[in-house]
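The first residue in the sequence is number 1, and the count goes up from there.
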Amino acid sequence: MQITGEHDKDNVGLLILGAGWTATYLIPLLKREGVKYAATTTDGRNRTIRFRFDPNSSDPAPFRALPSAETALITFPLLGEGQAKHLVEMYESTHYMLERHKPHFVQLGATSIWTAPTWQDESSPYERADPRAIAEDELMACSDGSVLNLAGLYGGTRQPRDWVDRVVKSKADLKGKGALHVVHGEDVARAIVALHRNFTPGKRWLVSDMHVYDWWDLVQDWAAQTLRSLKGNAGQAESMTMKIKRHEELLAWVGELMTEEGIKALPRDTSSLGRALDGRGFWQRVGIWPIQGRIR
C-alpha cells in the first residue's frame, strides 16, 4: 500500500483504483501537496494494494482490503449498466460510513462521447448509448460521483507525434483528419487534485489543454522537424532512407491537400476542422489553468 503520512492507514484522502500511466504524474503531485493516498494495481507492484474489479463477483474480500477514502478515483473504464452501481455498493458496504461522510467517486472518461462536428463543451449533448457514458451516468446517479472526460493523453514517452504513423497511412487518411485535442499528464493530475478539493457531485467535465490543433499543421511541422534532424546527421542518412522518404511524403501530402482543398495557410480555421472541444469550463470552475502549453 502506498500511503503518505503517519495516521491510520485505513483512512486516506485519495484512493487510486488502478495506478497506471496517470498515476506516474498523480502520485508525485499528491506527495508534494501532502495528500494522503493509497493506490491499487492488479498485481500489487510497487507496494500498491492488489485489487482487480470483477463486475460479476460479490466477494467482499477485495474491497475490504481497500482503505476508507474521501475520494475514490476510478481510472479504468466501467461499461454499460450495472458495473458502476456494483462497484459503489461493494465499496460502501465494506466500509462503515455515515451518510454525511460517504466517499466521492471520480471516474476518468474520454471526450469521444461528444461526436457532433461543431463546438462542444461539458453541457453539449453526448452519445448516451455509449457504454462508457452509460456507466458514467450510472455512477453519478448512484453515488456522489463526478466524471472527468479527458482529451488525448500525452506526456513522457507518450507523444502525439508518434501517433502519426498509426493514424495516417495514406493521403486519404490525412485528408480526413481534422482537429486533435490533448491534455498533458501533469495537467490531468492537477485536475484530479483540484476536483478532490473542490468536488462537484453529479457533474461531467470536459478536460483538455484548451487548444484545438489542426492535424495538417502538426503533420507538416513534425515532418519538417524530423527531416532536418535526419538530414543533419549524414552518418546515419543512408540507414534512415525509408524514414526520410516517409516524412518527405507527408510534407508533400499536406501541400497537395492544401492546393486541392483551397487552404491558403495553416493552421486551418477551427470551423473547418469538424468537432472542436471547449475545455474552459472545468478549469474556470476549479480556479486553475493548464500549465503545459501547446504540444510541440
Side-chain angles (χ1 to χ4, degrees), residues 1-5 7-20 22-23 25-27 29-31 33-40 48-49 51 53 55 60 62-79 82-110 113 122-123 132-150 183 187-207 281-288:
M1 183 183 300
Q2 291 191 329
I3 292 181
T4 62
H7 303 294
D8 185 353
K9 70 178 182 179
D10 293 327
N11 293 278
V12 298
L14 188 70
L15 171 61
I16 307 168
L17 295 176
T22 299
Y25 292 95
L26 178 56
I27 288 177
L29 179 61
L30 294 173
K31 291 178 177 178
E33 294 289 321
V35 178
K36 191 177 180 185
Y37 71 93
T40 77
T48 56
I49 304 168
F51 175 82
F53 174 60
F63 288 88
R64 286 177 178 151
L66 303 175
S68 296
E70 295 176 36
T71 302
L73 173 70
I74 308 165
T75 68
F76 49 83
L78 299 174
L79 303 173
Q83 291 192 5
K85 185 177 181 181
H86 184 60
L87 187 151
V88 169
E89 289 180 345
M90 291 299 295
Y91 183 78
E92 291 187 346
S93 68
T94 53
H95 296 74
Y96 174 76
M97 52 195 68
L98 299 175
E99 186 70 27
R100 65 181 181 276
H101 290 146
K102 284 192 174 183
H104 299 148
F105 288 89
V106 176
Q107 172 74 64
L108 298 187
I113 64 171
E122 65 276 356
S123 66
R132 295 183 70 167
I134 291 172
E136 292 164 4
D137 288 341
E138 182 178 85
L139 180 75
M140 291 186 286
C142 72
S143 72
D144 278 342
S146 188
V147 180
L148 295 177
N149 290 101
L150 308 174
V183 61
D187 282 323
V188 172
R190 295 173 65 246
I192 292 167
V193 172
L195 184 59
H196 166 62
R197 290 172 168 166
N198 304 274
F199 196 71
T200 57
K203 182 67 177 177
R204 166 182 277 109
W205 293 107
L206 186 162
V207 183
F282 172 76
W283 300 109
Q284 184 177 25
R285 173 63 176 77
V286 297
I288 61 174

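A donor-acceptor pair under 3.5 Å links the side-chain atoms of Thr75 to the main chain of Leu17, judged by distance alone. Thr40 places a side-chain N or O within 3.5 Å of a backbone atom of Gly18 that can act as its donor or acceptor partner. Side chain of His86 to main chain of Gly82: no donor-acceptor pair is present (N/O by atom type, distance under 3.5 Å, no hydrogens or angles).
Remark: Lys85 NZ is loosely packed, at most 12 non-hydrogen atoms of other residues, nucleotides or ligands lying under 6.0 Å away.
One finds the CG atom of Leu79 at 9.5 Å from the CD1 atom of Ile134 (value rounded to the nearest 0.5 Å). The CG atom of Leu195 lies 7.5 Å from the OG1 atom of Thr71; values are rounded to the nearest 0.5 Å. To the nearest 0.5 Å, atom CD1 of residue Ile16 and atom CD1 of residue Ile74 are 13.0 Å apart. Between the OG1 atom in Thr94 and the CG atom in Leu66 there is a gap of 7.0 Å [rounded to 0.5 Å]. From Ser143, atom OG reaches atom CD of Gln107 across 10.0 Å, with rounding to the nearest 0.5 Å.
The nearest pair of heavy atoms linking Ala38 to Pro67 is CB-CG, 3.7 Å. The shortest non-hydrogen separation linking Ala39 to Thr48 is O-CB, 3.3 Å. When all heavy atoms of Val35 and Arg197 are compared, the closest pair comes out as CG2-NH2, 3.7 Å. For Phe63 against Leu87, the heavy-atom pair with the smallest separation is CE2-O, 3.9 Å. Contact record, Val106 with Phe199: CG2-CE1, 3.6 Å, taken as the closest heavy-atom pair.
No hydrogens or angles considered: nothing links the side chains of Arg285 and Asn198 as a donor-acceptor pair under 3.5 Å.
Among Leu139, Leu148, Ile113, the one residue that satisfies the side chain to side chain contact (heavy atoms under 4.5 Å, CB included) test with Arg204 is Ile113.
Proximity of Lys203 to Phe282: side-chain heavy atoms (C-beta onward) are nowhere separated by under 4.5 Å.
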